[in-house]
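For reference, the structure discussed in these notes is given below.
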Amino acid sequence: MNRWTGTKTYLADEGLQTTVNVAVALGRPLLVKGEPGTGKTLLAQAIADGLELPLLTWHVKSTTRAQDGLYVYDTVARLNDSRFGDRDVRDIEQYIRLGPLGMAFDQSIPERRVVLLIDEIDKADLEFPNDLLHELDAMRFRVSETGREVAAAARPIVVITSNAEKELPDAFLRRCVFHYIEFPDEALLTKICRVHHPHIEDALLAAALRKFLQVRSIPDLKKRPSTSELIDWLAALKLAGVHVEKIEQGLPLPGVLLKQETDTQRAARLRAATARS
Amino acid sequence: MFIAFHAMLRTAGLKVGLSEWLTVVRALDDGLIGPSLREFYTAARAIVCRDEADFDRFDLAFAAHFQGVALPVEIAKPLQEWLDSPVIRPALTPEELAALDRYDLDELKRLYEERLREQDGRHEGGNRWIGTGGMSPFGQGGQHPGGLRVGEGAPGRGQAVASARARRFRNYRSDHVLDTRAMAVAIRKLRRLERASRRLELDLPETIDRTAKNAGDLEIVERPERRNQARVVLLLDSGGSMDPHSRVVEAFFSAMKQGGGLREVEVCYFHNCVYGEVYSDIAMLKRKPTEDLTRSVPPATHLVVVGDAWMAPRELFADYGAIEYGMLDPVPAIERVRQLAAAYPRRVWLNPIPDNYWAEPTIAAIAQLVPMFPLTVDGMTAAVAQLLGRGTKAARAVPRSSQRVFG
């Protein structure tokens, strides 16, 4: 098994690398939490890229049921076919559509692992994670309509992200390997910016980073800007051709960093205070 | 060595079951974890912790086990007996604190060993020996700002130099007494599903039935989707005496808002007790007559009041009882509560104050009108059962004597 060490565009600290490798080797789902914008969702893509495996994504919404991830039996199509269609309606198999989890288990190429991302699991119903317990444990399920068993030949690498909107049940958490993506420190942040903006001037990057960290340190911000917003901000600064001095003196293009009106006001007040002193 | 670490983790308050621990051992066995302690730290933490709030406890246990910060168990054992059942002493003033000597860690350790050789028994509240609640730099539950914590027990000022590791995750730690999830699960039981939605869904059994009757001629039948019809009117006390309970109330509020999936939650705020008007915003600027709440109540509406019900008796029983500026209500507040009680057959009062205080006259009087439950997960479950009309009677710790007040 080759170790995962991040990718060229996704820089992972040592802790994250260890955790990912342990989760992969143990065949346990990896539960990732962290501030919004710290790259939780991108992690799955990076693992897939790094290990050269295909990625399947399951975006969970408030209406998603656990069953949807396994398979859907399209009764309406079958009913329709029985009336107007020319397909053989006795073959139920053709009306079974596998969901993302089902597809991750059911591999046409055997021994080929996939990476499955279950994104924002906390969006769904409270009981949703519990309903998946057995399937994630056994990595197999039975299609009750046809009696066919879908079983994973190689345990898929499951990455689950949560924004902590709802608490997850204990039984579910016990089965996961947990990682909290911390906000990167200045050195890592610089590296990340360099990856995304390779041709940025040193002075501009340094000034923008200083300002960004200053904004993040404002107490009681409703939504603190994160890495993804910093990357967008740098792009915007470059596009608008903002001069380094302007960044040092004020906060140009604040709308890219701060999305809440009260936060913008707070930042403006801080700026006024620093200007006076 | 690793079994001891497991025990240490459990002592630190992490719920590490056998299966998680075996997973850690397996990871070690299989060589998944490299030889470095740092890798072991990350991997064990990932397996053992379930929440970033647990990281701090893990850090403490890890530091204690691997870096020898804690004192050897053999020494601590007889000490622990001296330290059990501490006597609480009042907090020190800043001047007193400043007057106490501060030591660096090495100095502390040297002094500690010296004292340990000399000390012969239990000490409390002193300033020299290893004991509880004192001003000596040794022991636990003490007031010394830079002391060495000895043994396990309730922390005093929690500044023991020895446990000051990096502890980056301290801010994530949340000793939540109330689990929002458990509350949301309780609230869900209020659900009343009815086919009253405007959205239609396919009625599969009926469609098959009719199609079969039509001899295979497809006839699609639709019906309204099932939706939760339960409504809740939530009245929250936001007065000053509720401040200590704000975290519990917040947890309850978020569980109510998102977890329950209720059709409608109308939230109003009040101060102390419900008077002639309530507020429809938390800033208490928009007023709304209380009568709006009691006029035409839709069926299946539950009234949930959250408040301590603790006030001066005249604020509840007297005309013009409100102490709030600008709140002039000729009707005593208890009468308002009575009106609410009459309008809502399904009603509960959740009180964050423990129920052994419920003999207070104002609390007892209100509990007579609105069944009162403690604002805990168990209390919530009982309250929901009461709202659904199949509950056991609310625990009303009401002594006879206080009932005549409004009798």
Side-chain angles (χ1 to χ4, degrees), chain A residues 1 3 12-35 62-63 73 75-76 78-85 89 122-123 125-127 129-130 137 162 164-183 185, chain B residues 15-20 23-24 26-28 30-34 36 38-55 58 168-169 172 174 176 178-185 187-188 202 204-205 207-208 211 214 216-220 251 254-255 258-261:
Chain A
M1 188 78 225
R3 282 180 66 87
D13 60 23
E14 207 181 314
L16 180 58
Q17 289 177 22
T18 310
T19 313
V20 167
N21 287 312
V22 165
V24 169
L26 289 173
R28 295 274 178 112
L30 173 64
L31 173 67
V32 193
K33 285 210 290 187
E35 271 182 54
S62 61
T63 51
Y73 172 29
T75 46
V76 179
R78 183 157 178 250
L79 201 60
N80 187 58
D81 280 356
S82 75
R83 186 79 182 91
F84 312 107
V89 291
D122 53 329
K123 286 265 182 306
D125 190 85
L126 276 171
E127 292 303 328
N130 277 336
D137 249 6
S162 166
E165 278 182 20
K166 294 190 189 104
E167 282 171 68
L168 300 171
D170 240 24
F172 178 80
L173 293 173
R174 219 176 51 224
R175 288 168 170 81
C176 293
V177 170
F178 172 67
H179 188 80
Y180 183 86
I181 299 190
E182 277 176 84
F183 193 80
D185 58 11
Chain B
K15 288 183 271 174
V16 190
L18 197 58
S19 69
E20 283 114 304
T23 311
V24 175
R26 205 183 106 201
L28 276 170
D30 294 357
L32 301 178
I33 303 172
S36 81
R38 198 144 146 213
E39 248 182 67
F40 175 74
Y41 166 82
T42 322
R45 195 181 71 182
I47 294 168
V48 162
C49 293
R50 295 164 196 182
D51 195 45
E52 64 271 23
D54 293 342
F55 282 3
F58 184 88
R168 279 170 307 141
F169 294 96
Y172 297 116
S174 58
H176 257 301
L178 265 171
D179 176 3
T180 341
R181 187 185 152 77
M183 282 185 157
V185 169
I187 295 168
R188 290 195 104 181
L202 178 70
L204 195 59
T207 302
I208 294 170
T211 306
N214 281 353
D217 216 5
L218 186 61
E219 183 178 343
I220 286 175
S254 64
Q258 10 164 315

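Chain identifiers are assigned alphabetically (A, B, ...) following the order of the sequence lines, protein sequences preceding nucleic acid strands; residue numbering begins at 1 within each chain. All values below come from the heavy atoms of this structure, side chains included, with hydrogens, waters and symmetry mates left out. Remember, predicted model here, so these are calculated numbers, not experimental data.
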In Å, rounded to the nearest 0.5 Å, how long is the span from OG1 of Thr42(B) to CD of Gln17(A)?
-> 10.5 Å
If one checks every heavy atom of Arg175(A) against chain B at 4.5 Å, the contacting part turns out to be neither
Please name the pair of heavy atoms, one in Thr19(A) and one in Ala46(B), separated by the smallest distance, quoted to 0.1 Å.
-> CG2-CB, 3.3 Å
If you measure from CG on Leu202(B) to CG on Leu79(A), what distance do you get to the nearest 0.5 Å?
-> 8.0 Å
Over 60° means perpendicular and under 30° means parallel, so classify the ring planes of Phe178(A) and Phe55(B), tilted if in between.
-> tilted
Cys176(A), Ala23(A), Gly15(A), Pro169(A): which one forms the most heavy-atom pairs within less than 4.5 Å of chain B?
-> Pro169(A)
For the residue pair Ser19(B) and Arg174(A), what are the closest heavy atoms and their distance?
-> OG-NE, 4.3 Å
Is there side-chain contact between Asp217(B) and Arg83(A), with at least one heavy-atom pair below 4.5 Å?
-> yes
Val22(A) and Glu39(B): CA distance, side-chain angles, deciding distance, side chain to side chain contact (heavy atoms under 4.5 Å, CB included) verdict | CA-CA 10 Å; Val22(A) 165; Glu39(B) 248 182 67; over 6 Å; no
Which distance, rounded to the nearest 0.5 Å, do you find between the NZ of Lys15(B) and the CG of Asp170(A)?
-> 4.0 Å
Interface check, chain B: of Leu31(A), Thr75(A), Asp125(A), Asn21(A), most non-hydrogen pairs under 4.5 Å belong to Asp125(A)
Residue part contacting chain B, namely of Leu168(A), when any heavy atom lies under 4.5 Å = backbone
In Å, rounded to the nearest 0.5 Å, how long is the span from CZ of Arg45(B) to OH of Tyr180(A)?
-> 11.0 Å
Who wins among Thr23(B), Val16(B), Ile47(B) for the most heavy-atom pairs under 4.5 Å with chain A?
-> Thr23(B)
Side chain / backbone / both / neither for Thr207(B) at chain A, heavy atoms under 4.5 Å = side chain
Separation of Ile220(B) CD1 from Asn80(A) CG (nearest 0.5 Å) = 7.5 Å
